There are 6 protein chains.
Amino acid sequence: MPIVTIQQFPGSVEHKRELARRITEAFEEVYGNSPESVQVFFQEVDGEHWARGGALGCDREDGPR
Amino acid sequence: MPIVTIQQFPGSVEHKRELARRITEAFEEVYGNSPESVQVFFQEVDGEHWARGGALGCDREDGPR
Amino acid sequence: MPIVTIQQFPGSVEHKRELARRITEAFEEVYGNSPESVQVFFQEVDGEHWARGGALGCDREDGPR
Amino acid sequence: MPIVTIQQFPGSVEHKRELARRITEAFEEVYGNSPESVQVFFQEVDGEHWARGGALGCDREDGPR
Amino acid sequence: MPIVTIQQFPGSVEHKRELARRITEAFEEVYGNSPESVQVFFQEVDGEHWARGGALGCDREDGPR
Amino acid sequence: MPIVTIQQFPGSVEHKRELARRITEAFEEVYGNSPESVQVFFQEVDGEHWARGGALGCDREDGPR
């Protein structure tokens with residue numbers, strides 16, 4: 001515990017590295033969790049596997065947002 | 001909100017497009033949600049990553065159902 | 001299969017009943033799934049367990065949307 | 001998008017408020033997401049609904065960690 | 001890792017205790033995971049929050065199955 | 001019902017086959033579920049999509065554990 005699952009569009013390894021660092025730090029400082037107790041999972045989806053407003057991301061003019 | 005996550009076997013983009021449209025419409029008509037507030041995620045799994053009856057889909061005679 | 005998990009604000013039983021019916025019907029008509037193969041899970045969250053824009057739903061002026 | 005789901009032990013509203021703020025800020029600064037595009041869900045579990053090492057949290061001497 | 005999330009109808013603590021023990025043992029013996037690396041989460045749902053065949057569990061004659 | 005979702009590092013088909021068999025058997029013996037009512041999903045993640053202690057698995061000296 002805690003387990004953090006993130007559903008997002010594909011991001012670079014650098015960005016995921018930085019995000020994992022900051023989220024873990026937040027648990028450490030807010031809840032007092034030991035960093036090793038915090039796990040983060042990244043589930044990346046593309047525009048064919050996500051929809052908003054009833055339209056797939058690949059069909060939306062503004063792209064996947 | 002609402003967030004809809006679908007675990008299913010791989011489907012075509014056309015089918016996912018139609019499903020996302022209909023599910024979003026259902027939220028709009030039943031709950032009165034604005035379409036843009038509804039997000040749908042498709043998590044597709046193959047027969048090596050799903051089991052029923054204690055057997056992987058790829059080992060079942062009736063295939064992945 | 002398919003498994004549909006819905007994260008939403010609390011709704012009435014009548015609304016969930018209608019939504020489950022329509023979503024299942026969509027899988028039946030779009031994918032040809034048998035209705036009995038479709039399962040829908042409702043995970044309801046209140047404004048203390050959901051945030052958008054960095055603010056909990058219970059703290060947002062427009063409420064949980 | 002992005003959707004962040006946190007599985008954790010029950011925490012105070014103040015702590016969840018602070019955590020949601022910091023996580024959203026991290027997405028804003030690392031990915032450039034608009035804050036309003038970030039949603040955070042808190043799924044709190046007690047010691048009867050979580051196990052580690054094959055033992056429920058309520059049965060572990062060190063409690064739920 | 002591994003994280004096991006179980007969606008099920010409400011069960012007794014005794015049953016969840018036994019299930020967590022056996023699932024963790026399976027990871028230990030099949031994958032060689034250390035027991036302490038395995039976490040199990042139980043998400044219990046009642047018949048108003050689950051549907052099959054387009055009908056809520058509370059409306060089905062055979063009850064929630 | 002029940003639905004079991006496993007987040008783990010990539011494993012062989014043989015291992016997943018054995019794990020699905022044992023987990024399903026556990027539900028059968030502990031809860032009395034019919035085997036066909038039990039579904040297991042495997043979500044495999046690599047070291048770029050998982051972090052512990054604030055570091056991605058691909059950056060940890062002990063690798064993904």
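Everything quoted here is computed from the prediction, not taken from an experiment. Chain naming here is simple, since letters A, B, ... match the order of the sequence lines and numbering starts at 1 in each.
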Engineer: Rounded to the nearest 0.5 Å, what's the gap from CZ on A/R52 to CD1 on B/I3? Could you check?
Structural biologist: 8.0 Å
Engineer: Residues in salt bridge (charged side-chain N to carboxylate O under 4.0 Å, His left out) with A/E18, at least two apart?
Structural biologist: A/R21
Engineer: Can you check whether A/Q7 reaches B/Q39 side chain to side chain, under 4.5 Å on heavy atoms?
Structural biologist: no
Engineer: Which atoms form the tightest heavy-atom contact between A/V45 and A/P10, and what is the distance?
Structural biologist: O-CD, 3.1 Å
Engineer: Taking side chain as everything from C-beta outward and backbone as N, CA, C, O, which of these in B/S34 sits under 4.5 Å from a heavy atom of chain A? Side chain, backbone, both or neither.
Structural biologist: neither
Engineer: Quick one: does any side-chain atom of A/E44 pair with a main-chain N or O of A/G11 as donor and acceptor, under 3.5 Å?
Structural biologist: yes
Engineer: From B/R17 CZ over to B/F42 CZ, what is the distance, rounded to the nearest 0.5 angstrom?
Structural biologist: 10.5 Å
Engineer: For B/V38, is it the side chain, the backbone, both or neither that has a heavy atom under 4.5 Å from a heavy atom of chain A?
Structural biologist: backbone
Engineer: Does anything in residues 22-33 of chain B get under 4.5 Å of chain A by heavy atoms, and if so which residues?
Structural biologist: B/T24
Engineer: Under the criterion side chain to side chain contact (heavy atoms under 4.5 Å, CB included), I'd like the reasoning laid out for A/L19 against A/I6: C-alpha separation, chi angles, the key distance, then a yes or no.
Structural biologist: CA-CA 10 Å; A/L19 202 66; A/I6 298 169; 4.1 Å; yes
